[in-house]
Amino acid sequence: MKERIQKVVGDEAKNLWMGTFHSVFARILRVEADKINYPTNFTIYDSDDSKSLIRDILKEQNLDDKIYKPSVVLNRISSAKNNLYTWKDYQDNTDYTSDDSSTGKPKMGMLFEMYSKRCFKAGAMDFDDILFNTWRLFNEHPEVLYKYQNKFKYVMVDEFQDTNFAQYIIVKKLAAIHQNICVVGDDAQSIYAFRGANIQNILNFEKDYDELKTFKLEQNYRSTKTIVQAANSVIVVNKNQLKKDVWTDNHNGEKIRVLKALSDNEEGYQVASSIFEDKMNKQLQNKDFAILYRTNAQSRSMEEALRKQNIPYRVFGGVSFYNRKEIKDLLAYFRMAINPQDEEAMKRIINYPTRGIGKTTVDRIIEFSVLNSENTWNVIQNINTLPVGINSGIRDKVFEFGKMVRSWQIMLKDHSAYELASHISSACGILTELYNDRTPEGVNHYENVQALLNGIKEFSEDGKIPLEAPSAEQELPALRTLDLYLQDIALLTDADNEKDGDDNKVALMTIHSAKGLEFKHVHIVGLEENLFPSQLSVNSRAELEEERRLFYVAITRAEQKLTLSLAATRYRWGNLISSQPSRFLEEIDSACLDMPAPKGNALFDDVDERGGWGSYGGNTQSNYRGNSKSNGNKSYSGSQTKYSNKTSSTAKPTTPIGGNDVPKGFKKVGSASPTPIISDFVADDPSKIVVGVQVEHQRFGRGQVIAIEGRVPENKATILFDGQGQKQLLLKFAKLRVVED
DNA sequence: GGAGGCCTCGGAAGG
DNA sequence: CGAGGCCTCC
């Protein structure tokens, strides 16, 4: 985007600040954080750090994490902060508190308070704090606000429908003097209401500025008439929408195809085949295609089919590089070197690789730090003189750990990011630990860490352009140190991180991440009830409308051709389930659809007794349920050898599905997976486990089933093991073998 | 203290 | 199915 602006306005574009709210505000806070008593080297907690901290607090407070689910607690705190409530405001607000007591969570306000204080003590901000603290900074320090008001004489916001309250209020403050503010948004594409985005901001905007000019952008320059018409016919079903009339001057284009498959794997096969044909027939490139899905889990069957047909693809999102355990571990070491108060980083690595500092010791350190309002880093450093209640042997180990971290702190300022990073990774023992694991997964972990170190090397050495170009008064630092690297990546997403130079690949992503993008050919897959629209949305009008807007976004990604697809059965969480066509299919103006029409023109009435669509003409022979795991490298370049090398050792045998070879259990909804369990211990099908039979368990040995209770798949067996006593085991997990007498 | 197995639970998403 | 928490056993 910056490059495009530069083409219009020239080099001056280099001085403008552009980024997400979070990255722009984090950049301000890196300079100003001391004014609100944070260190400028503050850590940014990701949501895993936040949840882990909440889990700790719950334990300390003896609260049940089934009642106070960490994700729910975090959401609650998050939404309060996004509405600019401090923990005090929260506790004083009867709407919040009475709601909490009526849902049986009266301690929520206290958790909010403790969570905030613990983050502060650790020198850490979570994602919401980046907004919240920017607001505080501007409120409490008018001179700082004034400085940025004059720095940003013009403010523009894209995707305005996705802003939350805090973001809007801060932007309003920034624009308050010059009043040069321009926002662009589309209510029909609001797909983040579930996390606090507020469509109300668009309406408020009209009230907040009297000298307002509104421009309706109703001409679509991207898509064919067919696609625009289809999108309009879908969105009109929503009651809650701003009236507009989107049209296009483009050609009619092709009708929308609907592919129907028996299984998710077959759907993948059909989609891949269709891409292959279009590529050949229309001389298109891989990058002209996108496959969009509702949930990341759907990528697997697509990836497999593309791989088999040698079509290069790239999966966006999913488990990102920076979310992998080995990467987070190493980054936690770096975080310690930069901000040793960072409690979550400390917890992660103080005993990894193991150095004899166990859970009990860590708990005592934290307990002591909480009771004495001290940060954990000071406790660790002074472990020998403080009455923490740890024996001297372990005290020495803790002290050594602190000494190691201190030595890195000293190196921080006069070593490059790479020098320090490679030093840390050897000194802390992670490299050796990972190197010694010669399993395929272990090798992969080691390679990932090497890849991270290579990235840091690049950052340190060849002066990679920083994400945010320095403004005039900011000098480019002579030495690119590790703290600068961490700032650079803390707010990165996968999309910013395409290393592989070859970008001529089919794009696979969720519809959420496809917003703002466009492709010549788009496949929207998995158009089934309870998947799209999501099962969790179908009971609420508002949520269903958000799903529909999501479908609208998906349709409008396509320039020339749109293909929809659905499967009669698919694996979800290991179970084969059957599904019904999505209601959204019926909402599309049928004039836009090119029906496969096996019987007349009905899409839905040809479901056969197996729960599948009988008359479909695809090739089933290569459809099977594979089990190859994603191996970290989610990008595939079309080299079959490379792929098989990487996965051969993790690939599992497969079970054929589809065609006439339908396995038992095909029709059962929610039945246990027919996929064989592969391990040294071969288990029997749970249906064979009945009262009276003799069974063998890998660990407990032989026993007799004396009762079965509950319904599949939650059914449990009570088994009397020889010499082990009676145990209750969930059949879907316990690997049991029937012993023939 | 550490390893390994059992069991629970899962949403889409950004930062 | 897979990740991660937790419990148990050594």
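Only heavy atoms go into these numbers, but all of them, side chains included; no hydrogens, no water, no symmetry mates. In the text below, chain A, chain B and the rest are named by the order of the sequence lines, each starting its count at 1. All values derive from a computational prediction rather than experimental measurement.
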Expressed as a whole number of angstroms, how long is the span from [X]:[atom1] to [N]:[atom2]?
{"X": "Leu74(A)", "N": "dA13(B)", "atom1": "CG", "atom2": "P", "value": "17 Å"}
{"X": "Lys347(A)", "N": "dG4(C)", "atom1": "NZ", "atom2": "C1'", "value": "14 Å"}
{"X": "Lys325(A)", "N": "dA3(C)", "atom1": "NZ", "atom2": "C1'", "value": "12 Å"}
{"X": "Lys328(A)", "N": "dG4(C)", "atom1": "NZ", "atom2": "P", "value": "8 Å"}
{"X": "Asp128(A)", "N": "dG14(B)", "atom1": "CG", "atom2": "P", "value": "15 Å"}
{"X": "Ile350(A)", "N": "dG1(B)", "atom1": "CD1", "atom2": "P", "value": "11 Å"}
{"X": "Asp48(A)", "N": "dA3(C)", "atom1": "CG", "atom2": "C1'", "value": "11 Å"}
{"X": "Arg570(A)", "N": "dC1(C)", "atom1": "CZ", "atom2": "C1'", "value": "15 Å"}

Nucleotide nearest [X] (side chain, heavy atoms from C-beta), chosen from [options]:
{"X": "Thr510(A)", "options": "dG11(B), dG2(B), dA13(B)", "value": "dA13(B)"}
{"X": "Arg294(A)", "options": "dG1(B), dA12(B), dG2(B)", "value": "dA12(B)"}
{"X": "Lys69(A)", "options": "dG11(B), dA13(B), dG10(B)", "value": "dG10(B)"}
{"X": "Asp65(A)", "options": "dG2(B), dG14(B), dC6(C)", "value": "dC6(C)"}
{"X": "Thr361(A)", "options": "dA13(B), dG1(B), dC9(B)", "value": "dG1(B)"}
{"X": "Thr354(A)", "options": "dA13(B), dA3(B), dG11(B)", "value": "dA3(B)"}

- Between Phe160(A) and Tyr168(A), does a ring pair (Phe, Tyr, Trp, His ring centres under 6.0 Å) hold up when you go through it step by step? CA-CA 9 Å; Phe160(A) 188 61; Tyr168(A) 178 54; 5.7 Å; yes

For [N], does either OP1 or OP2 sit under 4.0 Å from a side-chain N or O belonging to [X]?
{"X": "Arg55(A)", "N": "dG5(C)", "result": "yes"}
{"X": "Lys59(A)", "N": "dG5(C)", "result": "no"}
{"X": "Asn351(A)", "N": "dG2(B)", "result": "yes"}
{"X": "Asn164(A)", "N": "dG14(B)", "result": "no"}
{"X": "Thr360(A)", "N": "dG1(B)", "result": "yes"}

- Message: Nearest heavy atom decides the nucleotide; on that basis, is Ser534(A) or Arg355(A) closer to the 5' end of DNA chain B?
- Response: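 Nearer the 5' end of the strand: Arg355(A).
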
- Starting at the 5' end of DNA chain B and moving along, which residue's nearest nucleotide shows up first, Ile357(A) or Glu546(A)?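 First, find each residue's nearest nucleotide; the 5'-ward one identifies Ile357(A).
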
- Task: Apply the side chain to side chain contact (heavy atoms under 4.5 Å, CB included) test between Ser534(A) and each candidate in Leu536(A), Val538(A), Leu531(A); give the one that qualifies.
- Result: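 It is Leu536(A), the one option of Leu536(A), Val538(A), Leu531(A) that forms the side chain to side chain contact (heavy atoms under 4.5 Å, CB included) with Ser534(A).
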
- So, does the side chain of Thr295(A) form a donor-acceptor pair with the base of dG11(B) at under 3.5 Å?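 There is none.
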
- Message: Check the orientation of Phe21(A) and Phe25(A). Use parallel for under 30°, tilted for 30 to 60°, and perpendicular for over 60°.
- Response: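 Taking Phe25(A) first and then Phe21(A), their aromatic rings sit tilted (interplane angle of 30° to 60°).
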
- Message: Taking any heavy-atom pair under 4.0 Å as a contact, classify Gln535(A): base, sugar-phosphate, or nothing.
- Response: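 Since no nucleic acid heavy atom lies under 4.0 Å of Gln535(A), the category is nothing.
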
- Message: What contact category does Leu531(A) fall into here, base, sugar-phosphate, or nothing, at under 4.0 angstrom with non-hydrogen atoms?
- Response: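 It contacts nothing in the nucleic acid.
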
- Backbone N/O of Phe132(A) and side chain of Arg136(A): donor-acceptor pair under 3.5 Å: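 Not confirmed, Arg136(A) side chain does not pair with Phe132(A) backbone.
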
- Would you check if the side chain of Gln298(A) reaches a backbone N or O of Thr295(A) as a donor-acceptor pair within less than 3.5 Å?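 Yes.
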
- Item | CA sep, side-chain torsions, deciding dist, call: Arg335(A), Arg348(A), side-chain contact (heavy atoms from CB on, under 4.5 Å) | CA-CA 11 Å; Arg335(A) 280 162 59 177; Arg348(A) 209 179 165 95; 5.9 Å; no

